[in-house]
> 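Below you'll find the structure I mean.
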There are 2 protein chains.
Amino acid sequence: MSLPKSEEQLMQYLWQTGPSFMKDLIDAYPDPKPASTTIATLLKRLQDKGAIGFKKYGNVREYHPILKKEEYFSKHFNGVIKNFFNDSVSQFASFFASDKNLTDAQLDELQKIVEAQINQRKK
Amino acid sequence: MSLPKSEEQLMQYLWQTGPSFMKDLIDAYPDPKPASTTIATLLKRLQDKGAIGFKKYGNVREYHPILKKEEYFSKHFNGVIKNFFNDSVSQFASFFASDKNLTDAQLDELQKIVEAQINQRKK
DNA sequence: AATTGTATTCTACAAATGTAGAAGCATTGA
DNA sequence: TCAATGCTTCTACATTTGTAGAATACAATT
């Protein structure tokens, strides 16, 4: 399932802050905030797609993600890698590691993470 | 510049195989191939956006990318990371490294790449 | 109970995207 | 020369996405 940007953005809020009420979502938007009905529409569409659900507390709904962030991202991401790097993870990794946007410190951190992961798998 | 999927796909062909004639592009599409006019439309739109250019050989055009793959991907990609991982590279790397889609061999390779990159920067 | 504030649904519409037919033009092969 | 072929542009239209007004529903408050 690939979500349009506006819906994806809304999912971000839900993923980051967890179950939320409409007003929280509105608060989360930066100025200039969209009309509340706009957000309501997005919520509706996401419900229709089964990406979110809600729990009723009295008459207010607390929305929560059903679609998992990791799951969504993983699919998304694998598609991107496949497209851009011919499905070659190492080609991608190479690109990523040499990205100017990575600071030296981040690169070191990346190294640690990879090592940790390798060790963990050995077990 | 963010391209719609269909245009992005076309760019992939150009990025991968380099300057190409229309017929090559058509060949590159898997069955069921879209109508040639569909591809022509995409080429036109990409020209209008300045993402591709062409050279005339006689009366046929050889299309080539102007927008660089790395440049495009970098922007695209940073946006995605920013959204999903709160702009935290290490959070992303961690997710990436632990992804089940990475084989052990690929992980080893990643380690080498990171090391090589670190060494290179030391120079 | 009437008022007010807020959430929800319905409806609408503009812009972007995906897809392709029709027509025109140039080249090539009969 | 003329028909067939292939490319380009123009036009068109359905679908999806972004955005929001209008109407409605509910619930807390006065």
Side-chain angles (χ1 to χ4, degrees), chain A residues 1-14 17 19-67 72 75-76 79-80 83, chain B residues 1-14 17 19-67 72 75-76 79-80 83:
Chain A
M1 173 174 6
S2 173
L3 303 173
K5 295 205 182 309
S6 61
E7 289 169 27
E8 195 179 288
Q9 187 186 13
L10 193 42
M11 290 302 289
Q12 295 296 342
Y13 291 125
L14 288 178
T17 58
S20 313
F21 297 97
M22 171 125 206
K23 71 185 214 63
D24 301 321
L25 295 172
I26 293 179
D27 286 349
Y29 276 80
D31 290 314
K33 294 183 192 305
S36 65
T37 51
T38 299
I39 296 174
T41 300
L42 298 178
L43 287 170
K44 190 64 168 43
R45 289 180 183 168
L46 285 168
Q47 283 171 63
D48 293 346
K49 293 179 186 175
I52 65 174
F54 61 84
K55 230 188 197 172
K56 272 197 136 168
Y57 286 105
N59 75 320
V60 284
R61 298 176 178 187
E62 188 188 46
Y63 294 95
H64 60 85
I66 289 176
L67 177 61
Y72 180 75
K75 280 209 185 68
H76 204 49
V80 172
N83 278 331
Chain B
M1 172 173 6
S2 172
L3 302 173
K5 293 202 184 315
S6 62
E7 289 169 27
E8 194 179 288
Q9 188 184 13
L10 194 42
M11 290 301 288
Q12 294 297 343
Y13 291 124
L14 289 178
T17 57
S20 314
F21 297 97
M22 170 127 209
K23 72 186 214 62
D24 301 321
L25 295 172
I26 293 178
D27 286 350
Y29 275 82
D31 290 313
K33 294 183 193 306
S36 65
T37 50
T38 299
I39 297 174
T41 300
L42 298 179
L43 287 171
K44 191 67 169 38
R45 289 181 183 169
L46 285 168
Q47 284 172 60
D48 293 346
K49 293 178 187 175
I52 65 174
F54 60 83
K55 230 188 199 172
K56 273 198 134 166
Y57 285 105
N59 75 319
V60 283
R61 298 178 179 186
E62 189 188 45
Y63 293 95
H64 60 86
I66 290 176
L67 177 61
Y72 180 75
K75 280 210 185 69
H76 202 50
V80 173
N83 277 331

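Note on naming: letters A, B, ... go to the chains in the order of the sequence lines (proteins, then strands), and numbering restarts at 1 for each one.
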> Give the nucleotide from the list D:dT9, C:dA7, D:dG21 with an atom nearest to the side chain of A:Thr37.
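Nearest to the side-chain atoms of A:Thr37, counting from C-beta on, is D:dG21.
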> Rounded to whole Å, how long is the line connecting atom CG of B:Leu25 with atom C1' of D:dC7?
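After rounding, the reported distance stands at 12 Å.
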> Rounded off to whole Å, could you give me the NZ-to-P distance for the B:Lys33 and C:dA20 pair?
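So the two atoms are 13 Å apart, to the nearest Å.
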> Is a side-chain donor or acceptor of B:Tyr63 paired with a backbone partner of B:Leu43 at a separation under 3.5 angstrom?
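Between the backbone of B:Leu43 and the side chain of B:Tyr63 there is no qualifying donor-acceptor contact (under 3.5 Å).
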> Does atom NZ of B:Lys33 have more than 12 heavy-atom neighbours, drawn from other residues, nucleotides or ligands, at distances under 6.0 Å?
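More than 12 within 6.0 Å, yes.
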> With DNA chain C as reference, determine whether B:Lys49 or B:Pro34 sits nearer its 5' end, using the nearest nucleotide of each.
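Upstream on the strand: B:Lys49.
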> Looking across every strand, which nucleic acid part, if any, lies under 4.0 Å from A:Ser36 by heavy atom: base, sugar-phosphate, or nothing?
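No contact.
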> Quick one: A:Tyr29 OH to D:dT19 C1', roughly how many Å, whole number?
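Whole-Å distance recorded here is 11 Å.
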> Nearest-nucleotide wise, let me know which of A:Phe54 and B:Lys5 is further upstream toward the 5' end of DNA chain C.
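It is A:Phe54, whose closest nucleotide lies nearer the 5' terminus.
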> Relative to the 5' end of DNA chain D, which residue comes earlier, B:Asn59 or A:Pro4, by the nucleotide with the nearest heavy atom?
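The residue mapped nearer the 5' terminus is B:Asn59.
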> Would you classify B:Ala35 as touching base, sugar-phosphate or nothing, given that sugar-phosphate means primed atoms plus P, OP1 and OP2, and contacts are heavy atoms under 4.0 Å?
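Here B:Ala35 touches the backbone only, sparing every base.
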> Using the rule side chain to side chain contact (heavy atoms under 4.5 Å, CB included), only one of B:Ile52, B:Leu3, B:Leu14 pairs with B:Leu67; which is it?
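Passing option: B:Leu3.
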> Taking atom P of C:dT19 as reference, at what distance in whole Å does atom CG of B:Leu43 sit?
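About 14 Å, once rounded to whole Å.
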> Of the nucleotides C:dA20, C:dG18, D:dC7, which has the atom closest to the B:Arg45 side chain?
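Out of C:dA20, C:dG18, D:dC7, the nucleotide with an atom closest to B:Arg45's side chain is C:dG18.
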> Under 4.0 Å between any heavy atoms, over every strand shown, what does A:Ser6 touch: base, sugar-phosphate, or nothing? Just pick one.
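Answer is sugar-phosphate: A:Ser6 comes under 4.0 Å of backbone atoms only.
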> Could you check how far NZ of B:Lys44 sits from P of C:dG18, rounded to whole Å?
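To the nearest whole Å, that distance equals 17 Å.
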> From the set D:dA22, C:dT19, D:dT8, return the single nucleotide nearest to any side-chain atom of B:Leu42.
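Closest nucleotide among those given: C:dT19.
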> Can you tell me if B:Tyr63 touches the phosphate of D:dT8, counting only side-chain N or O atoms and a distance under 4.0 Å to OP1 or OP2?
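Affirmative; the distance criterion is met.
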> Using heavy atoms to find the nearest nucleotide of DNA chain D for B:Lys23 and B:Thr41 separately, return the residue whose nucleotide is more 5′.
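Final value for this comparison: B:Lys23.
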> So does B:Thr38 get a side-chain nitrogen or oxygen closer than 4.0 Å to the phosphate oxygens (OP1/OP2) of C:dT19?
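For B:Thr38, the contact criterion (side-chain N or O under 4.0 Å from OP1 or OP2 of C:dT19) is not met.
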> OP1 or OP2 of D:dG6 less than 4.0 angstrom from a side-chain nitrogen or oxygen of B:Arg61, does that happen here?
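For B:Arg61, the contact criterion (side-chain N or O under 4.0 Å from OP1 or OP2 of D:dG6) is not met.
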